[in-house]
K.L.:
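Before I ask anything, here is the structure I am working with.
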2 protein chains.
Amino acid sequence: MAIPLPGRQVRGSTTGKPIMALLDLLGRTWSLGIIWHLHTGPATFRELQQRCEKISPTLLNTRLKELKTLQLIESQASGYQLSHQGVDLFAIISPLGSWSSQWAQALKEESKL
Amino acid sequence: MAIPLPGRQVRGSTTGKPIMALLDLLGRTWSLGIIWHLHTGPATFRELQQRCEKISPTLLNTRLKELKTLQLIESQASGYQLSHQGVDLFAIISPLGSWSSQWAQALKEESKL
DNA sequence: CACCATGCTACAAATACTGTAGCATGGTGT
DNA sequence: ACACCATGCTACAGTATTTGTAGCATGGTG
């Protein structure tokens, strides 16, 4: 699958709008998960595999290449880590953590009725 | 694919943490796109298909069921629309729009060097 | 130089998504 | 009442993506 570059046609959109490239990227299995798990700090390939619990090395590597090309992560001696842009992106999505808790709660309440 | 309910084991995580259910959901093809395209207002099935440009009706329907079960969208006479929770979720991710523009810009600058 | 850990690739099996056709239902016009 | 149309959605075969396991290559350690 081609890396979703802003400005190009991506999966689901021919317009080339950056948001569409981003949604394509984040909609790929594990993209969000990798970013999420990396925010706790740099990790080596094998450690990242463990943080993600169940990702296959093949796909992990594929995603890492995509994220690196799109400058959301970078690899250093300490392993993979979020880039400056990656940190920014994480800052936007980090409220999902607490939002998801209240959402889970609401679903639970609902199911009681 | 089973609907990622918080509290259950989901794709990529056995912990049942709500955030993992959410990341599983949002990481599925088109989930984010549907939420994104719905924020501009209610849409009928066929109109949503058009907003999404290239989604297959099979998958659109699958995603709509998931999102409905998880109470992020609801269907009314006017068509599908974001639920209260869906609007909340969108509020969190909406900064991705402008973030993606500056990201696209940065990638472009980079490629000039 | 044996031993081990790490980063990563190979590849077949399993799963998810697409694309096209088309059915069922509920209007609208005549 | 009846042809005509749009809509919501399903069927299903073909294609693309993801998983799971095995294992290779490289570099460090005793």
K.L.:
Between D:dT19, C:dG22, D:dA22, which nucleotide has the shortest distance from any of its atoms to the side chain of A:S56?
P.N.:
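The answer is D:dT19.
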K.L.:
Base, sugar-phosphate, or nothing: which does A:T58 touch, judged by heavy atoms less than 4.0 Å apart?
P.N.:
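Base, at least one base atom sits under 4.0 Å.
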K.L.:
Taking CG from B:N61 and P from D:dC9, how many angstroms apart are they, rounded to a whole number?
P.N.:
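Distance, rounded to whole Å: 6 Å.
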K.L.:
So, do A:T29 and B:R28 sit near enough that their side-chain heavy atoms are less than 4.5 Å apart?
P.N.:
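Contact flag for A:T29/B:R28 side chains = no.
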K.L.:
Look only at the side chain of B:W103 and the backbone of B:L96, and say whether a donor-acceptor pair between them is shorter than 3.5 Å.
P.N.:
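No; judged by distance alone, with no hydrogens or angles, the pair does not exist.
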K.L.:
Could you check whether A:E74 and A:S83, counting side-chain N and O atoms only, form a donor-acceptor pair closer than 3.5 Å?
P.N.:
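No.
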K.L.:
Examine A:I35 and A:M1 and state if one hydrophobic cluster contains both, with Ile, Leu, Val, Met, Phe, Trp and Tyr joined whenever side-chain heavy atoms are less than 4.5 Å apart.
P.N.:
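Per the 4.5 Å side-chain linkage, A:I35 and A:M1 are not co-clustered.
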K.L.:
Return the value, rounded to whole Å, for the distance between atom CZ of B:R46 and atom P of C:dA21.
P.N.:
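Whole-Å distance recorded here is 13 Å.
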K.L.:
Contact between B:P6 and B:L22 at the side-chain level, heavy atoms closer than 4.5 Å - yes or no?
P.N.:
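Counting from C-beta outward, B:P6 and B:L22 never come under 4.5 Å.
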K.L.:
Remember a base hit wins even if backbone is also touched, and classify B:R63 as base, sugar-phosphate or nothing at under 4.0 Å, heavy atoms.
P.N.:
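Here B:R63 touches the backbone only, sparing every base.
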K.L.:
Start with the C-alpha distance between B:K68 and B:L64, add both sets of side-chain angles, then the distance that settles side chain to side chain contact (heavy atoms under 4.5 Å, CB included), and finish with yes or no.
P.N.:
CA-CA 6 Å; B:K68 211 175 346 179; B:L64 288 174; 5.5 Å; no
K.L.:
Below the 4.0 Å mark, does C:dT18 have OP1 or OP2 next to a side-chain nitrogen or oxygen of B:W30?
P.N.:
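Looking at the OP1 and OP2 atoms of C:dT18, one of them is under 4.0 Å from a side-chain N or O of B:W30.
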K.L.:
Give the rounded distance in Å between these two atoms: CZ of A:R11 and P of D:dT15.
P.N.:
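Going from CZ in A:R11 over to P in D:dT15 covers 19 Å.
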K.L.:
Please report, rounded to the nearest Å, how far the P atom of D:dT18 is from the CG atom of A:L60.
P.N.:
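Taking CG of A:L60 and P of D:dT18, I get 13 Å after rounding.
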K.L.:
Take A:I93 and A:L26, measure what side chain to side chain contact (heavy atoms under 4.5 Å, CB included) needs, and give me the verdict at the end.
P.N.:
CA-CA 11 Å; A:I93 64 176; A:L26 299 182; 5.5 Å; no
K.L.:
Map B:F45 and A:G27 onto DNA chain D by nearest heavy atom, then report which one ends up closer to the 5' terminus.
P.N.:
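Nearer the 5' end of the strand: B:F45.
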K.L.:
To the nearest 0.5 Å, how far apart are NZ in B:K54 and CH2 in B:W30?
P.N.:
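Taking NZ in B:K54 and CH2 in B:W30, the distance rounds to 9.5 Å.
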K.L.:
Nearest to the side chain of B:L59 - C:dC8, D:dC9, C:dT18?
P.N.:
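Given the options C:dC8, D:dC9, C:dT18, the side chain of B:L59 is closest to C:dT18.
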K.L.:
A:H39 vs A:F90 aromatic rings, parallel, tilted or perpendicular, using cut-offs 30° and 60°?
P.N.:
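Aromatic pair A:H39/A:F90 classed parallel.
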K.L.:
Going by number, which of residues 73-81 of chain B have a non-hydrogen atom under 4.0 Å from DNA chain D?
P.N.:
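Residues of residues 73-81 of chain B that come under 4.0 Å of DNA chain D are, in numerical order, B:Y80.
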K.L.:
May I ask you to verify if any side-chain N or O of B:K65 is less than 4.0 angstrom from the OP1 or OP2 atom of D:dG8?
P.N.:
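So the side-chain polar atoms of B:K65 never come under 4.0 Å of the phosphate oxygens OP1 or OP2 of D:dG8.
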K.L.:
Whole angstrom is fine here: how far is it from CD in B:Q49 over to P in C:dT20?
P.N.:
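So the two atoms are 12 Å apart, to the nearest Å.
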K.L.:
Among D:dT7, D:dT18, C:dC17, which nucleotide has an atom closest to any side-chain atom of B:M1?
P.N.:
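So the nucleotide nearest the side chain must be C:dC17.
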K.L.:
Defining pairs by Watson-Crick or G-U wobble geometry with both distances under 3.5 Å, how would you list the stems of DNA chain D with at least three pairs each?
P.N.:
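For DNA chain D the paired stretches long enough to count as stems (3 pairs minimum) are C:1-30 with D:1-30.
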K.L.:
Between C:dT9, C:dT18, C:dT6, spot the one nearest the side chain of A:T44, thanks.
P.N.:
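Nearest listed nucleotide: C:dT6.
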K.L.:
Which nucleotide wins on minimum distance to the side chain of A:P57, given the candidates C:dC17, D:dT10, D:dA22?
P.N.:
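So the side chain of A:P57 is nearest to D:dA22.
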K.L.:
Using distance alone, with no hydrogens and no angle criterion, decide if B:S31 and B:E66 have a side-chain donor and acceptor under 3.5 Å apart.
P.N.:
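Checked: B:S31/B:E66 side chains show no N/O donor-acceptor pair below 3.5 Å.
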